[in-house]
Amino acid sequence: MQDINNASYELDYYRRQQFKPGWQSLMEVVFSGILASADEADSRDFLRLMGSQLAEKTPLPEAETVGDLEDSINAVLSQFDWGWVQVDASEQGILLTHYAYPQAPDPDNESLWSLSFATVLEGAYATWLLAQGGAPHVALRQSQQSQDHTLVFSYRNEQ
C-alpha cells in the first residue's frame, strides 16, 4: 500500500468531486467580469447582493441552538457542494469557519476566485443570520483566509 498524506489526499478527492466542468469556468468569467467592470467596493457590494438573494431563495428553518444553525447552513451548502461551515458563538460575536469551498478552475486565478466566493458567502451568511434574529447594523465580514483553503467570517457588533 502506498504511503500517502491522508489529509492532502482527502482534500484533493473532495476538490475533484466539487469541480463541475463548464460551470466553474463560467463562474470564474463572471467573477472576473464583475470585478473588472466596477471598482472593488461596488463589485463586492454586487457579489454580496447575489449571496443575499441566494440565501433568500434557500431560507433556513428557525434555529434553537448554534448547533441547529450550523446544521441548517451545512444542509444548504451540501446541496451546492460548497463545503461546510463550523459556527462558534461567544460573547464577542459569531465566528464562521468555512471549509472545502470549491476551488478555482485555473489555479492562477485562485485569489480572485476566493475573494469573489467569500464575498458571495458574506451576503448569504449575513442574510441567514439576520433572518435568525440578527441585528441589521451588525456586519458580517471575512476576517481572514488561511493557507489551508478555509474562509473565516466574523459577525460582531463593532459599535
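Computed over heavy atoms, backbone and side chain alike; hydrogens, waters and symmetry mates excluded. Position 1 is the first residue of the sequence, and the numbers go up from there.
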Task: Pairs flagged by ring pair (Phe, Tyr, Trp, His ring centres under 6.0 Å) wherever residues 41-68 is involved - sequence neighbours left out - done: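 The answer is none; no pair qualifies.
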Open item on the list: According to ring-ring contact (aromatic ring centres under 6.0 Å, His included), who are the partners of Tyr155, at least two apart in sequence or on a separate chain?
Closed with: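 In terms of ring-ring contact (aromatic ring centres under 6.0 Å, His included), with neighbours along the sequence ignored, Tyr155 is linked to no residue.
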- [ ] Using distance alone, with no hydrogens and no angle criterion, decide if Ser143 and Ser154 have a side-chain donor and acceptor under 3.5 Å apart.
- [x]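 There is no such pair (donor and acceptor under 3.5 Å, judged by atom type) between the side chains of Ser143 and Ser154.
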- [ ] Start with the C-alpha gap between Tyr125 and Ile73, add the side-chain angles, then the distance that decides, and say whether side-chain contact (heavy atoms from CB on, under 4.5 Å) holds.
- [x] CA-CA 9 Å; Tyr125 286 146; Ile73 294 172; 3.7 Å; yes
Open item on the list: Strictly by salt bridge (Lys or Arg N to Asp or Glu O under 4.0 Å), give each pair with a member in residues 85-105 just once, sequence neighbours left out.
Closed with: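 Sorted result for residues 85-105: empty, none.
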What are the two closest heavy atoms between [X] and [Y], and how far apart are they?
X	Y	result
Tyr101	Ser114	OH-CB, 3.3 Å
Phe31	Phe117	CE1-N, 4.2 Å
Glu70	Val85	CG-O, 3.4 Å
Pro136	Leu130	N-CD1, 3.7 Å
Asp81	Pro102	O-CG, 3.7 Å

Task: Cluster overlap Leu115 with Leu140, hydrophobic side-chain contacts below 4.5 Å - done: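 Yes; Leu140 is reachable from Leu115 via cluster members.
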TODO: Consider only side-chain heavy atoms of I, L, V, M, F, W and Y, link residues closer than 4.5 Å, and tell whether Leu47 and Val29 are in one cluster.
DONE: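 No: no chain of side-chain contacts under 4.5 Å links Leu47 to Val29.
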Non-neighbouring partners of [X] that pass side chain to side chain contact (heavy atoms under 4.5 Å, CB included), sequence neighbours left out:
X	answer
Leu54	Phe80, Trp82
Asp108	Asp106
Ala89	Val66, Ile94
Ala118	Gln142, Leu151, Phe153

Look at the side chain of [X] and the backbone N and O of [Y], then say whether any donor-acceptor pair between them is shorter than 3.5 Å.
X	Y	value
Gln86	Thr97	no
Asn109	Leu112	no
Thr150	Tyr99	no

Taking side chain to side chain donor-acceptor pair (under 3.5 Å) as the test, write out the residues that go with [X], two or more places apart.
X	answer
Asn74	none
Glu40	none
Ser37	none
Thr58	none

Task: Side-chain heavy atoms of Gln132 within contact of Leu69, under 4.5 Å - done: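 In contact.
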TODO: Using the side-chain contact (heavy atoms from CB on, under 4.5 Å) rule, take Ile34 and Met50 through it: C-alpha gap first, then chi angles, then the decisive distance, then the call.
DONE: CA-CA 12 Å; Ile34 290 169; Met50 296 300 95; 5.7 Å; no
Task: Glu62 CD: over 12 foreign heavy atoms closer than 6.0 Å - done: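 It does not: Glu62 CD has 12 such atoms or fewer within range.
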Open item on the list: Asp45: which residues meet the salt bridge (Lys or Arg N to Asp or Glu O under 4.0 Å) condition with it, sequence neighbours left out?
Closed with: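 Asp45: salt bridge (Lys or Arg N to Asp or Glu O under 4.0 Å) contacts with Arg48.
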- [ ] With rounding to the nearest 0.5 Å, note down the distance linking CG in Leu77 to CD in Gln79.
- [x]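 Atom-to-atom, Leu77:CG and Gln79:CD are 9.0 Å apart.
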- [ ] Please round to the nearest 0.5 Å and tell me the distance separating atom CD of Glu110 and atom CD of Gln103.
- [x]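 Atom-to-atom, Glu110:CD and Gln103:CD are 4.5 Å apart.
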